[in-house]
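We use all heavy atoms of the structure for the numbers below, so side chains are in, but hydrogens, waters and symmetry mates are not. Both counts, for ligands and for their atoms, begin at 1 and track the order of listing.
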Amino acid sequence: MRVLISFIVLIALGGVNSEEKWWSTLSLYQIYPRSFKDSNGDGVGDIKGIIDNLEHLVDSKVNAFWMSPVYPSPGVDMGYDISNFVDIDPLFGSLTDFDNLLEKAHGLDLKVLMDFVPNHSSDQHEWFQKSVKNILPYNNYYIWANGSIKEDGTRAPPNNWVSVFGGPAWTWNDQRQAYYLHQFAPQQPDLNYRYENLRREMENVLRFWLDRGVDGFRIDAVNHVFEIQSLQDEPLSGDTNDPNNYGYLDHIYTKDQPECYKLVGEWRKVLEEYNKNGGHERLMAMEAYTDINLTMRYYESGASFPFNFGFIQRLRNDSSPNDFKSVIDEWMERMPDGSVANWVIGNHDQKRVASRYGVERAPGIVALLHLLPGVLVTYNGDEIDMPDNYVSWEQGKDPQGCNAGRQRFEAASRDPFRTPFLWDGTTSAGFSTNPITWLPVNPDYKTLNLEVQKNSGDSQFKFYQAIAELRAWPAAKNGDLHTYVINNNIFAISRALKSQRSIYLVLNFGNEVLNLDLTEKIENMSEELIIYRGTVNSGLPPGSKINPKSAEIPARGAVIYVAPEMSRNYGVVML
Ligand code: GLC
């Protein structure tokens with residue numbers, strides 16, 4: 001079917017990566033250690049499991065990984081409640097295991113980023129235990145306030161603030177006779193960054209891991225670190241009537257405070273101590289769910305980049321080509337000059353890409369992110385198109401889900417995004433020798449797993465590898481980016497060096513195969529193109545020639561073309 005072209009949108013998004021840094025075109029992979037690989041059969045992933053499987057990252061053409069927390073923790077928020085910032089939880093191994101991991105990773109040319117969680121510690125941390133007892137200087141390490149006594153004689157917290165996981169952001173402590181602030185679970189008391197000693201203490205945490213040799217940090221929930229000092233009530237958002245729901249308030253006093261950016265600058269100074277004497281620049285990637293203006297400010301604060309959550313927060317399986325175009329163009333246009341873009345597909349807090357966009361559409365989206373300029377961030381499992389897995393209320397572990405109660409558990413829980421990686425068709429998908437795992441293994445694992453995909457000629461993993469290889473081509477690394485809305489269902493990008501477009505990705509969001517004349521919207525196309533890859537089951541033979549005036553794009557799929565001269569330069573086999 002020939003499609004009438006109804007929109008012409010073409011914006012040259014300019015040269016990319018004027019100044020090359022070692023991480024400018026990084027493929028960054030997130031390992032969720034609990035679910036990556038269990039080496040000792042206790043049903044929980046661990047560091048040795050990661051060491052034994054680092055080759056998988058090399059196979060996936062990844063250059064670096066960040067790991068969710070492996071520090072000592074009671075596990076209330078799955079490791080984001082840290083009781084010692086400078087050690088490894090025995091559940092995951094030891095500091096020696098960690099050093100071995102670093103050594104092997106570096107030997108494989110993989111860079112390693114730790115997850116730095118500045119906003120809070122666990123209530124089991126020695127600092128909090130001492131703060132509760134009012135011991136100097138720890139008495140100031142957390143945020144304490146008196147609250148008030150109501151007319152009926154009961155206690156009331158200092159203000160109306162609500163925690164991210166639901167319920168009041170203040171918990172009364174009998175021993176200290178005061179309330180403490182926690183933006184997340186009550187077992188995650190907020191640290192007090194207005195206190196100089198605490199700031200220095202956390203800088204030493206950074207130095208501890210830098211001294212061991214890490215290449216940088218993913219910084220957790222950075223925009224929650226400061227709150228307004230006056231502790232005034234937050235205004236109601238009007239979105240819900242439930243005062244225990246985080247969405248009840250407009251978080252103008254507990255999020256995105258200007259001091260957050262200054263703090264990032266202080267951390268950068270610490271990181272810079274390590275690139276003196278020829279050391280490589282250490283990376284700092286910020287997790288801050290906020291609006292585009294506030295996000296962009298991290299670029300100038302000392303961060304390498306703020307995570308770009310556009311593909312997670314603003315796009316879904318029913319988004320239009322226009323929606324995709326505006327998410328991509330906006331980031332490229334708003335980014336300060338000389339900065340490096342980044343694109344996040346998934347993480348342990350969000351529905352998996354295969355569940356957000358559907359298992360058929362997701363591979364095309366994953367390819368799109370690979371072919372955009374800058375850093376790509378994938379979440380373990382996305383390379384095999386793993387969808388979310390059902391986790392019942394009884395099996396639930398995530399405090400965000402459990403606190404929401406049985407009725408709202410499924411809507412609120414992040415457990416389905418965190419279930420074990422599917423390695424092969426053996427017990428527990430090869431994740432563990434134990435048939436019981438900390439979260440349930442996807443029941444489809446016999447057919448949906450990495451090994452099956454490695455052994456198949458046409459699989460998501462093979463497609464992922466091919467796209468990852470294409471990402472290393474000079475045009476994908478440094479070429480200009482153009483984005484095109486071809487029609488209501490078709491979105492395309494091109495990457496080109498010196499105005500000679502050489503890589504094209506065309507995505508079909510619709511439910512029918514389309515035959516298109518790409519030249520009507522995309523200028524300067526050569527008379528023929530070479531199919532580099534089509535998404536799984538497209539039946540499009542890699543290396544075959546097509547006429548761009550009649551390009552077939554599979555339903556819910558994508559095709560990547562390269563210009564003939566490029567395919568010759570880079571050894572694509574022509575059919
Ligand atoms: C971040 C983490 C999330 C955690 C929260 C509190 O958003 O990604 O998993 O629950 O911070 O530390």
Side-chain angles (χ1 to χ4, degrees), residues 28-36 45 65-85 89 113-125 128 142-143 161-167 169 171 181-191 193 202 205 217-227 246-247 251 254-256 260 284-290 294-295 298 303 306-309 312-313 344-352 377-380 388 391 396-404 412-419 438-439:
L28 175 61
Y29 183 87
Q30 179 187 353
I31 293 183
Y32 192 67
R34 249 165 234 267
S35 284
F36 194 64
F65 62 94
W66 75 268
M67 283 190 299
S68 287
V70 284
Y71 315 104
S73 162
V76 170
D77 187 18
M78 301 306 116
Y80 283 91
D81 47 321
I82 298 168
S83 50
N84 183 352
F85 289 103
D89 196 302
L113 310 187
M114 289 303 265
D115 200 347
F116 179 62
V117 183
N119 182 65
H120 45 265
S121 73
S122 158
D123 61 350
Q124 301 305 306
H125 196 294
F128 188 71
Y142 296 85
I143 299 168
W161 296 353
V162 181
S163 80
V164 175
F165 294 155
T171 291
L181 178 74
H182 51 89
Q183 291 225 34
F184 294 88
Q187 297 87 341
Q188 293 169 295
D190 269 42
L191 291 162
Y193 280 82
M202 291 306 278
V205 171
F217 300 91
R218 173 260 188 189
I219 314 266
D220 184 78
V222 64
N223 56 335
H224 289 273
V225 166
F226 282 94
E227 300 76 26
Y246 188 60
H251 302 288
T254 56
K255 260 183 79 186
D256 305 316
C260 297
M284 204 172 16
M286 320 309 290
E287 185 214 30
Y289 288 92
T290 184
L294 294 164
T295 301
Y298 284 103
F307 280 134
N308 172 357
F309 294 124
I312 288 181
Q313 292 192 296
V344 183
I345 310 178
N347 61 43
H348 64 294
D349 294 328
Q350 306 291 341
K351 278 186 94 52
R352 283 181 172 277
V377 194
T378 26
Y379 177 50
N380 55 197
D388 294 344
V391 177
K397 299 278 189 304
D398 175 22
Q400 184 168 289
C402 300
N403 287 359
S413 172
R414 298 170 295 182
D415 292 323
F417 334 137
R418 299 173 173 183
T419 60
W438 80 283
L439 281 178

task: Decide if the gap between the ring center of Y80 and the ring center of H348 is smaller than 6.0 angstrom.
output: yes
task: Return yes when R418 approaches ligand 1 closer than 4.0 angstrom through a heavy atom, no otherwise.
output: yes
statement: Note: F165, heavy atoms under 4.0 Å from ligand 1, region reported as side chain
field: Nearest neighbour in protein (non-hydrogen) for atom 1 (C) of ligand 1
entry: D220 OD1, 2.7 Å
task: Considering only non-hydrogen protein atoms, determine which one is nearest to atom 9 (O) of ligand 1 and report residue, atom name and distance to 0.1 Å.
output: D349 OD1, 2.7 Å
message: Minimum heavy-atom separation for S68 and P33, please, with both atom names.
response: O-CG, 3.3 Å
- prompt: Between D415 and K397, does at least one N-O distance fall below 4.0 Å, as a salt bridge requires?
  reply: no
query: Does one side chain, of T290 or N223, offer a donor that lies under 3.5 Å from an acceptor on the other?
result: no
- prompt: Between D81 and Q187, what is the shortest heavy-atom contact and its length?
  reply: CB-O, 4.3 Å
query: What do you reckon, does R218 put a non-hydrogen atom under 4.0 Å from ligand 1?
result: yes
- prompt: At a 4.0 Å cut-off, with the gap strictly under it, does some heavy atom of H120 reach an atom of ligand 1?
  reply: yes
query: Of the protein's non-hydrogen atoms, which lies at the shortest distance from atom 5 (C) of ligand 1, and what is that distance?
result: F184 CE2, 3.8 Å
message: Can you tell whether the side chains of D77 and R414 come within less than 4.0 Å, N to carboxylate O?
response: yes
message: I need the atoms of ligand 1 closer than 4.0 Å to a non-hydrogen atom of R414, numbered in the order shown.
response: 3 (C), 4 (C), 9 (O), 10 (O)
message: Working note: F128 + H182, criterion ring pair (Phe, Tyr, Trp, His ring centres under 6.0 Å); need CA distance, chi angles, decisive distance, verdict.
response: CA-CA 12 Å; F128 188 71; H182 51 89; 9.8 Å; no
field: Q183 to ligand 1, any heavy atom closer than 4.0 Å
entry: no
message: Which residue and atom name correspond to the protein heavy atom nearest atom 4 (C) of ligand 1, and how close is it?
response: D77 OD2, 3.3 Å
field: Geometric class of the F184/F165 ring pair [parallel <30°, tilted 30-60°, perpendicular >60°]
entry: perpendicular
- prompt: In the protein, what heavy atom is nearest to atom 7 (O) of ligand 1, and what distance, to one decimal place, separates them?
  reply: E287 OE2, 2.9 Å
query: Would you call Y289 a ligand 1 contact, heavy-atom distance under 4.0 Å?
result: no
